[in-house]
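The structure presented is a predicted model; accordingly, all values stated were derived computationally and were not measured.
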Amino acid sequence: MAPPKYAGLSGKALSHAVSTIATTGFLLFGYDQGVMSGIISAPAFNNMFEATRDNPTMQGTVTAIYEIGCLFGAIFILWMGDIIGRRKAIMLGGAVMIIGVIIQVTAEANTTPLAQFIAGRVIMGVGNGINTSTIPTYQAECSQTKNRGLLICIEGGIIAFGSLLAYVVDYGASFGNADLTWRFPIAFQILFGLIVSVGMLFLPESPRWLLLHERHEEAAEVIAALRGWEVDSKETEGQIRVIQDSIRASGFEGRKYTPFSALITNGKTQHLRRMLLGASSQLMQQVGGCNAVIYFFPILFQTSLGTDHDFALKMGIVNMIVYSTFATTSWFIIERVGRRKLFLWGTVGQMTSMIITFTCLIPGTPGPAKGAAAGLFLYIASFGASWLPLPWLYPAEINPIRTRVKANAFSTCTNWAFNFLIVFVTPIMISNIHWGTYLFFAAVNACFIPAIYFFYPETAGRSLEEIDIIFAKGYVEKMSYVRAAKELPKLSDLEIEQEAIRYGLIQSGETFGSKNESGMGQESPSGDDRSSPIRGLVHDQEKIQ
């Protein structure tokens with residue numbers, strides 16, 4: 001019996017299709033992150049939207065209002081993500097973004113163009129907030145342990161390529177007529193939105209979400225299709241039962257939706273701690289200064305170096321090439337180096353680059369200011385290789401299955417709230433405190449180092465279910481979770497079950513779904529059943545305890 005197929009694909013081909021659509025969603029995110037950089041100070045745009053001309057506060061508002069929409073989209077997933085599922089949420093996000101784009105590009109001078117443009121920015125942001133809250137979770141739940149980090153890092157890294165594409169399109173459009181200068185770069189986003197929304201029509205739902213909703217037959221088909229297995233194979237059955245054990249361990253069994261109260265619980269599952277770890281990574285990504293460089297790089301060149309708009313756009317393209325180049329480095333080292341070291345290395349690089357930037361700007365003359373430009377290039381290289389992808393990966397894998405959607409949405413809410421703050425205040429800070437802006441970001445980055453070192457456990461090479469064991473071990477044995485991650489050896493599926501019993505996440509009588517629960521037989525991947533000596537020993541030990 002052949003593996004089931006979606007869009008005529010199974011196994012690696014289907015996994016690649018899932019990754020392609022997920023990556024396109026983040027390509028669109030990156031494109032929109034960069035598109036306003038070359039537009040906001042363009043004469044044609046300022047002629048249409050007069051309030052933005054030579055007004056850093058209004059420029060910051062028009063650019064940052066998008067983040068408010070993203071925040072609303074993330075809040076929507078916080079409430080509705082468990083209900084509508086990953087697949088429908090991504091399709092909805094793409095469709096909403098298309099609507100927002102249409103509203104923006106149809107603004108006309110004889111109406112209220114700025115209000116319409118801002119409304120379109122907000123609506124498009126809602127769609128992006130939905131997608132950025134959902135896509136990393138969807139990718140994590142459809143990926144294998146060995147390549148989960150790589151695939152989500154590719155998603156995060158592709159943001160840089162989206163920003164590069166936006167700078168190139170902005171520059172090319174600047175040679176056209178007034179309408180082409182700003183309407184085309186914005187309208188171009190419709191293409192990505194269509195790929196995401198239409199592509200998801202043919203792809204499967206997350207198997208973990210299906211099992212949460214007790215849709216066992218569909219989950220078996222999806223797991224088999226993604227792995228290239230037969231539906232009734234031992235491998236498919238074993239994978240389902242490991243996920244079901246994780247559901248039981250999180251206290252989710254018998255409930256379709258996660259109550260918000262679950263987010264603030266601790267104990268063996270450490271829901272609150274894990275949510276805060278994910279959210280803090282998103283917070284640090286934003287307050288570290290990335291958007292002060294990405295969104296306003298051309299403006300920084302014009303104000304700090306005194307260049308014209310054309311040269312600033314060219315330097316913006318060079319900056320995005322550096323950004324994209326270094327964003328790919330995480331793809332090759334994320335599983336070898338691990339999350340913790342990459343977080344730390346990236347933070348040191350960002351801090352150093354901000355120190356270079358502010359010290360070169362202190363004299364206030366064009367000569368030393370060129371050194372500040374070098375500092376900004378170093379910053380974007382350090383950020384692209386580390387802090388760009390990691391905060392999208394870490395929350396998606398650090399949170400347990402019960403709270404993953406809501407906790408990941410909360411992390412994304414944190415991202416967009418502080419994204420808005422930084423994008424809004426950066427032009428004002430540059431206008432008023434000049435080089436002090438970069439001194440502030442250097443100090444903030446220095447504060448990240450102890451937080452990461454003492455509180456961020458390593459998750460590289462771990463299945464999502466193994467990460468549950470790390471936190472149970474830390475709680476039960478009263479040790480730091482960083483140490484628990486270091487001491488816990490890599491576990492097989494059977495060992496995960498045994499450790500879950502050992503730490504009280506599940507009871508031995510609850511292990512492995514029965515035929516009525518999963519629609520599958522009771523034989524394990526290794527051929528042993530519930531009466532095997534191993535399982536009998538585990539059951540007896542549980543009775544003694």
Side-chain angles (χ1 to χ4, degrees), residues 64 67 71 156 270 272-296 300 323 326 330 337-362 372 375-395 398-399 407 410-430 432-459 474 480-483 485:
E67 273 69 38
L71 176 60
Q270 290 291 299
L272 177 60
R273 172 182 287 270
R274 295 162 77 171
M275 179 181 72
L276 293 177
L277 283 172
S280 65
S281 70
Q282 292 278 19
L283 183 151
M284 286 189 278
Q285 182 195 60
Q286 294 307 312
V287 300
C290 63
N291 285 311
V293 180
I294 296 169
Y295 275 79
F296 298 106
L300 298 178
Y323 187 26
F326 280 86
S330 65
V337 173
R339 284 50 158 167
R340 276 171 52 83
K341 288 182 180 178
L342 207 53
F343 268 130
L344 290 168
W345 291 354
T347 301
V348 171
Q350 290 181 176
M351 179 183 67
T352 303
S353 64
M354 285 297 182
I355 292 172
I356 293 172
T357 301
F358 87 76
T359 53
C360 290
L361 288 176
I362 290 175
L376 294 179
F377 282 122
L378 175 60
Y379 179 92
I380 208 67
S382 301
F383 176 78
S386 57
W387 279 97
L388 170 63
L390 285 175
W392 298 105
L393 166 62
Y394 206 64
I398 200 71
N399 288 293
F410 178 80
S411 298
T412 310
C413 287
T414 304
N415 178 290
W416 292 119
F418 283 91
N419 193 317
F420 170 79
L421 175 65
I422 297 300
V423 173
F424 182 79
V425 303
T426 293
I428 301 171
M429 292 174 69
I430 293 170
N432 289 282
I433 62 173
H434 310 294
W435 58 264
T437 304
Y438 308 101
L439 172 59
F440 168 79
F441 287 127
V444 169
N445 275 277
C447 296
F448 297 168
I449 296 174
I452 295 164
Y453 185 82
F454 289 109
F455 297 109
Y456 277 45
E458 183 58 70
T459 55
S480 79
Y481 300 96
V482 172
R483 178 184 166 193

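- The shortest heavy-atom contact between Ser330 and Leu342 is CB-CD2, 4.2 Å.
- Of the possible donor and acceptor atoms, none in the side chain of Thr437 sits under 3.5 Å from a partner among the backbone N and O of Ile433.
- Asn415 places a side-chain heavy atom less than 4.5 Å from the side chain of Trp392.
- Shown here are the side chain to side chain contact (heavy atoms under 4.5 Å, CB included) partners of Leu272, two or more places apart in sequence or in another chain: Ile264, Asn266, Met275, Leu276.
- Side-chain atoms of Gln282 do not come within 3.5 Å of backbone N or O of Thr412 as any donor-acceptor pair.
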Task: Derivation of the side-chain hydrogen bond (donor to acceptor under 3.5 Å, both in side chains) call for Ser382 and Trp387 - done: CA-CA 8 Å; Ser382 301; Trp387 279 97; over 6 Å; no
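- Scanning for salt bridge (charged side-chain N to carboxylate O under 4.0 Å, His left out) contacts around Arg339 gives Glu335, Glu397, with sequence neighbours left out.
- Here the side chains of Cys290 and Tyr379 are in contact, with some heavy-atom distance below 4.5 Å.
- Summarising the geometry, atom CG belonging to Leu421 is positioned 14.0 Å from atom CH2 belonging to Trp416; distances are rounded to the nearest 0.5 Å.
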- [ ] Please assess Phe377 against Ile356 for the test side chain to side chain contact (heavy atoms under 4.5 Å, CB included), listing each intermediate value before the final yes or no.
- [x] CA-CA 11 Å; Phe377 282 122; Ile356 293 172; over 6 Å; no
Open item on the list: The test is side chain to side chain contact (heavy atoms under 4.5 Å, CB included); show your working for Tyr481 and Gln270 and say whether it passes.
Closed with: CA-CA 10 Å; Tyr481 300 96; Gln270 290 291 299; 3.2 Å; yes
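- Of all heavy-atom pairs spanning Ser411 and Pro395, the tightest one is OG-CB, 3.7 Å.
- At a threshold of 4.5 Å between non-hydrogen side-chain atoms, the residues Ile398 and Pro457 count as touching.
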Task: Phe448/Met351 under side chain to side chain contact (heavy atoms under 4.5 Å, CB included): CA gap, chis, key distance, verdict - done: CA-CA 10 Å; Phe448 297 168; Met351 179 183 67; over 6 Å; no
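- Under the 4.5 Å side-chain criterion, counting only non-hydrogen atoms from C-beta, Phe358 is not in contact with His434.
- Minimum interatomic distance between Ser353 and Gly375 (heavy atoms only, all atoms of both residues): CB-O, 3.2 Å.
- Two residues are said to be in side-chain contact when any heavy atoms from C-beta on lie closer than 4.5 Å; Ser281 and Leu393 fail this criterion.
- Distance check, rounded to the nearest 0.5 Å: CD of Gln350 to CE of Met284 gives 10.5 Å.
- Between Leu388 and Tyr323, some side-chain heavy-atom pair lies under the 4.5 Å cut-off.
- In this structure, Leu344 and Val348 have side chains that are not in contact, with every pair of non-hydrogen atoms separated by 4.5 Å or more.
- Rounded to the nearest 0.5 Å, atoms CG (Asn419) and OG1 (Thr414) are 12.0 Å apart.
- Tyr456 places no side-chain N or O within 3.5 Å of a backbone atom of Val482 that could act as its donor or acceptor partner.
- Around atom CZ of Phe420, more than 12 heavy atoms belonging to other residues, nucleotides or ligands sit under 6.0 Å away.
- Phe326 has its side chain out of reach of Ile380: every pair of non-hydrogen atoms, C-beta onward, lies at least 4.5 Å apart.
- Atom CE in Met429 sits 9.5 Å away from atom OH in Tyr438 (nearest 0.5 Å).
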TODO: Kindly indicate, with the supporting measurements, whether the criterion side chain to side chain contact (heavy atoms under 4.5 Å, CB included) is fulfilled by Tyr453 and Thr347.
DONE: CA-CA 11 Å; Tyr453 185 82; Thr347 301; over 6 Å; no
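- The 12-atom threshold is exceeded at OH of Tyr394, counting heavy atoms of other residues, nucleotides or ligands nearer than 6.0 Å.
- Atom-to-atom distance recorded for Ser280:OG and Gln285:CD is 12.0 Å, nearest 0.5 angstrom.
- Going from atom CD1 of Ile452 over to atom CH2 of Trp345 covers 13.5 Å, rounded to the nearest 0.5 Å.
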